[in-house]
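If you're wondering where the values come from, they're calculated on a predicted model, not measured in any experiment. First the proteins, then the strands, lettered A, B, ... as listed; each starts at 1.
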Amino acid sequence: MENELEVSHILQTWYKTNKRMLPWRESSDPYIIWISEIILQQTRVVQGMDYFLRFTGRFPDVASLASAEEDEVLKYWQGLGYYSRARNLHAAAKEIMEKFGGVFPEKHKDILSLKGIGDYTAAAIVSFVWNKPYPVVDGNVFRVLARLFAMDVPIDTTQGKKQFTELAGIVMDPKQAGQHNQAIMEFGALQCVPQNPDCEVCPLKERCMAYASGTVQDLPVKQNKTKTRARYFHYLYIIYRGQTWLSRRGKKDIWEGLYEFPLIETEKPMDFAGLQETEAFRKLFTGAGRLNISSDMAEVKHVLSHQVLYTTFYRVEIEKIPEALNSYLAVPYEDIERYAVPRLIHIYLEKLNGNLSE
DNA sequence: AAGACGGGGGA
DNA sequence: TCCCCAGTCTT
């Protein structure tokens, strides 16, 4: 056989005996494949599994997703992160209803035009579902190819992406695109792992240029240096006759579309005495009568990919409803759980409920 | 071409 | 701690 296809055949053979049993692999429904691919973006299989089952249980097809409220879609995404995935999923479902008559499009170009679907996901869907010859290039593929061919061009550059995509197309057996794509990703996830891969049992050992030169640990190369900034959040859990107040986070910041308690953000760390003297605090509680305040959680450090949040929760009982709260959403306590909230707030609420039942 | 966007798990 | 995970969108 041609040397070009040999790698693909080895990967496919390896795949047949080593692949994991995963629910989305039982389906050939493009909708189901789509949902699984979006959930698995930047997300491990174990982390996404429950979300996939719940999400497809509640939204089994394009029509059910399209007709849902965005808040409910976000609720099903709560805790998973990268919430634009959920918003885009919802928007794309509506697009499919309107532009494609509710039928998931089959053309690569049409699929790529949907919100939240980029090169990787479009290739995954058309190859898995219809065996179309588009190579997938995800984190696994970058790693496998970088090592196999000792490619040291950084993967997070335009040049790098172009070169790896081209190489992925050359390595792929076009007649077995779906299985090949599944195989090379699974191989990266289970065998050619980022740290300390067991190269001695690797079926591509003899062909791996990085193995030959002892550079497996150095590949792939990234030039990316993400820097994080610190932010200081002060959440006010306001209590008045069985209700509290929430607001929906807006665009151009983290957690868009999720709900949270009234928030005061400060430039610097600040204790409660300092917080009380801020304009925002005064404005929020003018007309609230006497405040009965307790801090249920000391400062919590919450780490995101580009931010570190130093957060304090204050539980504040008020005597009257201040004017400023009219711009917030009044919610009975027992309804808080209906709203999608950031993980950080979910943890706070769990702790609060735990303390109540102790 | 760079940054932003969550949260979790492994070494 | 640092790195990475079946990436995409915005600036």
Listed pairs under 3.5 Å, donor-acceptor, residues 307-315 of chain A side chains, sequence neighbours left out:
unit_1	atom_1	unit_2	atom_2	d
A:Gln307	OE1	A:Arg231	NH1	2.8
A:Arg315	NH1	A:Glu317	OE2	3.3

note: A:Leu80, atom CG; B:dG6, atom C1'; distance rounded to Å ~ 8 Å
A:Ile254 CD1 - B:dG7 P separation (whole Å): 8 Å
For C:dC5 and B:dC5, measure between their C1' atoms and round to the nearest Å. 14 Å
B:dG6 base stacked by A:Tyr82 (centroids within less than 5.5 Å, tilt under 30°): yes
Could you tell me the separation between the CZ atom of A:Arg229 and the P atom of B:dA4, rounded to a whole number of Å? 8 Å
What is the ring orientation for A:Phe285 with A:Phe281, classed by angle as parallel under 30°, tilted 30 to 60°, or perpendicular over 60°? tilted
Just checking A:Trp24: base, sugar-phosphate only, or nothing, at a heavy-atom cut-off of under 4.0 Å? base
Would you call A:Lys99 and A:Asp110 a salt bridge, taking side-chain N to carboxylate O under 4.0 Å as the test? no
With a 6.0 Å cut-off on ring centres, are A:Tyr235 and A:Tyr348 close enough? no
What nucleic acid atoms does A:Thr121 come within less than 4.0 Å of, heavy atoms only: base, sugar-phosphate, or nothing? sugar-phosphate
For atom NZ of A:Lys115 and atom P of C:dC9, their distance in whole Å: 10 Å
So which nucleotide does B:dG6 pair with, by the Watson-Crick or G-U wobble rule with both distances under 3.5 Å? none
Under 4.0 Å, counting only non-hydrogen atoms across every strand here, what does A:Asn181 touch: a base, just sugar-phosphate, or nothing? nothing
Round to a whole Å and report the spacing from NE2 of A:His306 to P of B:dG3. 8 Å
By nearest heavy atom, map A:Met185 and A:Leu114 onto DNA chain C; which one lands nearer the 5' end? A:Met185
Given the structure, check if the side chain of A:Thr43 and the base of B:dG6 hold any donor-acceptor pair shorter than 3.5 Å. yes
Which atoms form the tightest heavy-atom contact between A:Tyr83 and A:Glu256, and what is the distance? CB-O, 4.4 Å
Show me the protein contacts with nucleotides 1-3 of chain C, counting only N or O atoms at under 3.5 Å.
none

Which residue lies more 5' along DNA chain B, comparing A:Ser305 with A:Val46 via nearest heavy atoms: A:Ser305
Using heavy atoms to find the nearest nucleotide of DNA chain B for A:Asp156 and A:Arg85 separately, return the residue whose nucleotide is more 5′. A:Asp156
Quick check for you: to the nearest 0.5 Å, what is the distance between A:Tyr134 atom OH and A:Met172 atom CE? 10.0 Å
Round to a whole Å and report the spacing from CH2 of A:Trp77 to C1' of B:dG7. 13 Å
I'd like to know if A:Arg282 pairs up with A:Glu279 as an ion pair, taking the criterion as any Lys NZ or Arg NE/NH1/NH2 lying under 4.0 Å from an Asp or Glu carboxylate oxygen. yes
Base C:dA6 paired with A:Arg25 side chain (donor-acceptor, <3.5 Å): yes
If you look at every strand shown and take non-hydrogen atoms under 4.0 Å, does A:Gly79 touch a base, only sugar-phosphate, or nothing? sugar-phosphate
Atom-to-atom span, CG of A:Asn140 to P of C:dA6 - whole angstrom: 5 Å
So A:Gln223, base contact, sugar-phosphate only, or nothing? Heavy-atom distance under 4.0 Å. sugar-phosphate
How many angstroms lie between atom NE2 of A:His108 and atom OG of A:Ser113, to the nearest 0.5 angstrom? 10.5 Å
Could you tell me how far apart A:Gln307 (CD) and B:dG6 (P) are, to the nearest whole angstrom? 8 Å
